[in-house]
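First the structure, in the form of structure tokens, and then the observations on it.
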Amino acid sequence: MDEIGSLEIRWIQGFTNKNIEFVDDKTVFYTCGSHICFLNLETKTQSVLQSPGRGVGALTANTHSGMFAFSEQKLSPSIFVYIFPELHLKNELKGTAQLDYTSLTLSDCGPYLGCCSSLPDYTITVWNWENAELLCTQPQAGREVISLVFNPLNWLQLCALGTSLLTVWNIEKSASFHLLKPSVIDLPATDGSLVEKLWPTSHTASEQFSYFGPEMPPSAIIGLRGDKAESIVTKLCTKARLTPTAICWTATSELYVGCEEGFLLLVDPERLSISVLFNPTTADATPELKQSNFQALALNRNGLIAVGKENVVHCLQIKGAQISITQTWQLEGPVTTVMYSPDYETLLLSSNMGQIYMLNPTRSEKIVKVLDVLSGNFVAAALLQYEKNICVSVRDSGELQLWSADGFCLSSLSLQAEVTCLACCPIAQYAAVGTATGNVLFIDLNMEQQPRLVHQVLLYHRPVDHLVQDTDSISSHQVVQLQPEQEVKGHPLGPASLVLSPHQLWLASVGHDGLLHIRETTSMEQYIELQCHSYRLCGVRSVSFSADSQTLLTAGFNDGSLVCASLRIKGLDAGEMNSATQYSQSMNYFLRNIIIKENAVLINLPEWGKESPAGSEKTEETTVDVTEQDESYNSLLSAPSSHPTWLENRQEAVVEEDNEKYSETKKNLRKRMKEMRDIIQEMIRENEKAPEMERLELQEFNLDVEEQKRLDVIMQQEVTRVRNEIELEIVEKCYLRDVLKRECWYSMKVKGRAVKAFHSEHEVKNYPLKERSEKELEDLHRVENMRTLEKAASSVKKNSNTTSVKEQEPGEGGHEAESDAVTGSYSAQLGCSNPYLYNQFSLQTTEQKVNQIILLQDMIYRVKTTFNAEFEAVHRQKVQELSRMRERNRQIREIMVELEINEMLWEPSLDDSEWPERLFTVDDSEIKAEKYLTPEQKKEEEVKKLEEQRRLAAKADNVRERALGDMMDGVLEVKKEDFLKTEMPPPEFVLTKPDVQWSEEEKKVYKEYEKKSKELSAEKEKYKKSLETEMKKLQASTKDATERFDETLKKLFEKKIKCEMAIYQEELKVTFLVYSIHMEEVMRNRELELKLRLEKTLAYKDELEEEVKKHEREVELFHETYDSLLAEDKVLDKEFRKEFFDIPRHVVDHLYKLFKRRPRVQKMRTQTDNNQNPFKDQSLCGSLASNGLGKMLMAMHELDAQENMPEGLNPSIWERFCLVRRTKVESEQKVRVKALALAEMQAFLQKRRNEDKTAQQEIKNLTDELESLHKEKHRFLMDIMIQVLLKQGQVEMSTSDFTPDFSDCVLLDRSVVEDLNSSIRALGEQKIAAMVETKDLRKGIIQLEWENKMKRMQIEDLKTKARDIQMLRLSEDQKEYLNKTDRDSRVSKQVSTLKKTIAFQEKTHLKDLEIRKKKIKQLSRQAAMKAEKNAVLDQQIHDMQVTVAEMRHIYQAAASEENQVAKTEERYQEILKRRNLKDIARAQGEELAFLSAEVERLRMKNFPSLNQLKHN
């Protein structure tokens, strides 16, 4: 790929918010994308190192040795260690990290590197980077760790700063073995107080339980077990702690810790103690430090440098617990990092916004800004198309920056907008920037030190995604014809972007892999490659060429870096080499006049926002005479937004111009339209007055039918949309209604309802009940069957042993006889007793308690069901009573009509709570809105109205009904109810003649009329009184019935109270049982937790024991080596005089004194050292041991000089003396190193032994805690909670007739009554204490009696054992064994005897073995001989079998006659034997008959005496 040329990085700019470090006294380095930038603070020069891997992760440096290290960003990343300024790779460390490293640190005391990996392993590892040796590692220890720092004085201490915790890791060393041990620092609470655990670490059994049982730690209650249980419970159960943000080691190996809450702490890692140096919440806190949160800390000889949230840096002087501010510096912006250079002369401060400041307190108090590149991701970058090669870049924050050809920031401009793209003009010095709001900003770049925003255009209401300068008018040959069939390998991670160079010979491509490829358009297969950005941060965003095509500029997606590279092409002659430069020069010459002209216009443009260009703010107010409502409505709908785009402004300008041009015509048209509208409205009014047959539809007056149709379609669409929304809302509400009815109504076996009284506010509600599930019924049947079997077994056992059953199970047999006080509820009084319930005193196991809960729940269900049955009867009674009341009221109304009484009757009814089903029925009267009818429904309603009208018309023409109504008021007979309305008509002459003209006959008739009138009045009065009596009777009956119902309801209410009491009592039992089961589960969890901890501790102790044994062996071996080396060193001292035996004695003595002389290396170094390092007076751990020999040998050169040689001594002897002394020094140094290593190993071994003892003590504590937990568990299971009903206090006297007469009362002070109450209370407590003491005394007496009885039985057992021992018979050997005192000699004698016996038996066994082997050989020979004989005999047997078969055949033929005779004789003998047996049986039968007769005779003979005896 490099055959056609190369790409070299010229400069790189950016800041990635990561840490910045010193690499020497004057140079710092930081990460920039996938590169590392080195910045010289004095010369401001910059150098770049490209990462050998993929990207740059964490980095660190050792300022004393010039070493720096960084990690790459890829799967299974490596750590690279380099040396500065050579930038040579010293080593590559391949660890176990899978994804990334979060922190790195290098030690000042040696070649040690600490690192922390990210998920999933979170491993802290310590390396020896010189030989890539992994010293020690600790997995899952780096969770939440953000920084690692070695102790500058001791590399064996490593501090890990986390987001919420602080841990000091101690590296314990034994020879080549290293081990990481953590010391977790418990930070104070947010108020500065020390946090203590809310529960004890160990639990011991107490003498008495609390009301709620034994106390358990939260982990057992929650049910957590394992390693994370304690950490989770700690977070949940402790107060919030301080959040550490910065750490700094002190010269005494302590830690300054700054917290986000503004606290400053001093931590001692050895004793794990914490001192609060500054508390911002106290009243006497320094005001300047109250707002500081100590973002960064640095130590010098004058004090502590602290940086907080504010733009202020303080130098603090700490004396004990007192803090004072000695110096303060003000900054331009906030900083996040502070550090000193290796010589402690330069203080460096950096912010995460890209600013780096430098301060040299010894030279000046002024803070100098070293670097200001800002931070954030670059959105785009481009090179201006003219000779200076100035770069323009924009960031996502809206910051536009100009960069010189050498990478220096010339100027910046904040656009105060979110930018999306950038394009530079080739014919003028300006840049166009697109924003997320759709604006395009134009920036004038003629003044490089001060760019200006000169114009702004709103193009879209959406973000501007891409901007391209139109260059077609400049050149006609900027288009390259590519063959579509030509295909080359692209980027492995897409999508890729392509850019053609200005002279069209080179093609650049970039992608998400971070690679930049340069190809020649003539040969696309070969390309030049450069890794510009990291693929993990989405690679390259943009690339651009310079005007001469020699320089390329790339911007990363998310790495915040800008890379400028130079292109070098190989294999071209001078003409082709300069083709790009010639093209650039020709274009500059061609466009020079245009550029000058355009730039002049740009320079004259004012800055946007200060003075608007001509016509930009000119607005014209246009008035539109809206005559139609529809037009105004449409104009409002189509009104533009408050910020119109450029296109909308152009459209509006065209409309305004059109309005001005045709204003008169539009005015005439509006006037004519108004006249037409008036005419049409007049026609509509005339049409409304016309007859219905002549009336036209309103649609006939519509002139614009198409517009009307369009509006109808729009209206119909809107109606459809609204209807669909309403239907969806109705469906949603219907679904919600169905769900609620299904869950709260249909699922209820008994619906909730109430019954109210007639004459009071009393109301009784039933118990809503759901149908019990199959599982509940199955569990209930299972428990009942189990209890039936248990009671059957108990009854069988009771029959076998009644006394034992009474002692062991006092409550099993007499359940029916138990009182309410013992059962603990009133359920039995309500007739809901359950024979399957356990006795409260016999609930021991968890299964019994669970069964009891099921039975109690069934009891509660029964109580509710029983009450609901009575409630339903009362509810039916009220319904019946209401129906009777309606019948009575009907009769009363009829009587009131006859009596012409107009009064309101009391007629109660069931409300919604008494009849809840009525809530699901909606009456038409409840709907306030007008009912919507579809066209079909409207037609049906019209048809019904027509039918009703026809029916009424037909009814009006009925002659029979009209005649009946006119003659007899519509009835055929006179009812009794109309009797009071009957009147006797007077005779006709009464109305036509005066009294004096009446005849005698007429007078008689009138007297008869008066008589009948009086009789009719009397009858009316009598009938009226009977009606009134009947009405009063009906009203009294109604009142009595309602009062009786109220009494019934009152009794039901009392029953409800009792049921509530019983239910609450049963639920209280269930609560106690559930809590008991929960406590058993809690104690079980605690037991499992303790067992798990015990198993882990035992395993850990086994590992410790093996480790201790291994290290003990190593220490022993090393001690032997040390002893031999020490002996050799002493031999060198003794052999000194023998080495110089040929020299006079006084010369040897003088040389021996010189032999013992040693230079003082450390003192010389301290005297020559003079800097500001606060750690200079402290000795570095490990430095003397590692470099002591070299420094000593260097110091020995001075002693070996000729000036120190004694006078008169031969130089050859002096050289030999120097060689011997140097050998002695080397030997002493080796002894010293070995002694230090031995002490280190012994200290390591002692720590492991101490850990072993600690583990042993932990095992003992866990065992004791388990035992105490078992005791508590046993006590808790035996000491069960019993519910007992007690009689409450009663009022002994009635208070209804109490008369408030206080004439004979005495007014006492309240204190007198309170004193009396306190004395009564004290006496009551004394009485209770005396009763408790008596109870304890009786309990103690019973316990002592039991112990006395136990001791007596033990005495009897011991006496029996002593008697058995005395009667025991011993053998002689046993007696001899017991009598002899020197048992060891006896044992040794027996052992020697046994050894001799074993030896003799072994010899005998060997002899027997030889004899057995000989016998085996002899038997083998005999067996062979026998086998030969058997073969011969087998042949003989075959011949003999043939002969025997022939002889058997002959014998059978001869013996057949003899066999017949023998069978006849045998038959005869059997007949004789049978006859004899029959004779014997007959004789025995006769004898038995005689004996039975004799027995009967004797029985009859003795019968009277037996009968007499019976009567007596």
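We number each residue from 1, following the sequence as shown. Below, each value reflects all heavy atoms present in this structure, side chains not excepted, and no hydrogens, waters or symmetry copies.
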For the NZ atom of Lys1033 and the OG1 atom of Thr1029, what is their distance to the nearest 0.5 Å? 10.0 Å
List the atom of Leu1049, the atom of Ala757, and the distance in Å for their closest heavy-atom pair. CD2-N, 3.3 Å
Check Tyr826 against Met1061 and note the closest heavy-atom contact, atom names and distance. CE1-CE, 3.2 Å
The criterion is ring-ring contact (aromatic ring centres under 6.0 Å, His included); which residues satisfy it with Phe920, sequence neighbours excluded? Trp745
Judged by atom type as modelled, is there a donor-acceptor pair below 3.5 Å linking the side chain of Glu914 to the main-chain atoms of Asp911? yes
Between Gln840 (side chain only) and Gln1283 (backbone N and O only), is there a donor and an acceptor less than 3.5 Å apart? yes
Excluding sequence neighbours, so at least two apart, what forms side-chain contact (heavy atoms from CB on, under 4.5 Å) with Glu718? Arg721, Val722
With sequence neighbours left out, which residue pairs that include part of residues 766-785 fulfil the ring-ring contact (aromatic ring centres under 6.0 Å, His included) condition? Tyr767-Phe867
A side-chain contact here means heavy atoms from C-beta on lying under 4.5 Å apart; do [X] and [Y] qualify?
X       : Y       : result
Leu736  : Glu732  : no
Met1031 : Ile901  : yes
Asp1046 : Lys1050 : no
Asn851  : Met786  : yes
Glu1015 : Lys1020 : no
Thr866  : Cys832  : yes
Glu1028 : Ile895  : no

Using side-chain contact (heavy atoms from CB on, under 4.5 Å) as the criterion, point out the one residue from Glu887, Arg888, Arg890, Met885 that pairs with Leu1034. Arg888
Can you give the donor-acceptor pairs under 3.5 Å from side chains of residues 1005-1014 to other protein atoms, not counting sequence neighbours?
unit_1	atom_1	unit_2	atom_2	d
Tyr1006	OH	Glu1010	OE2	3.0
Ser1013	OG	Tyr1009	O	2.8

Is Glu881 salt-bridged to Arg884, cutoff N-O under 4.0 Å? yes
Side-chain ion pair, Arg772 and Asp858, N-O less than 4.0 Å: yes
Across all chains, not counting sequence neighbours, the side chain to side chain donor-acceptor pair (under 3.5 Å) partners of Lys775 are Asp779
Looking at residues at least two apart in the chain, or sitting in another chain, which of them share a side chain to side chain donor-acceptor pair (under 3.5 Å) with Thr1071? none
Indicate whether any N or O donor in one side chain lies under 3.5 Å from an N or O acceptor in the other, for Gln708 and Asp712. yes
State whether Phe758 and Lys878 meet the cation-pi test: NZ (Lys) or CZ (Arg) under 6.0 Å from the six-membered ring centroid, and within 45° of the perpendicular axis. yes
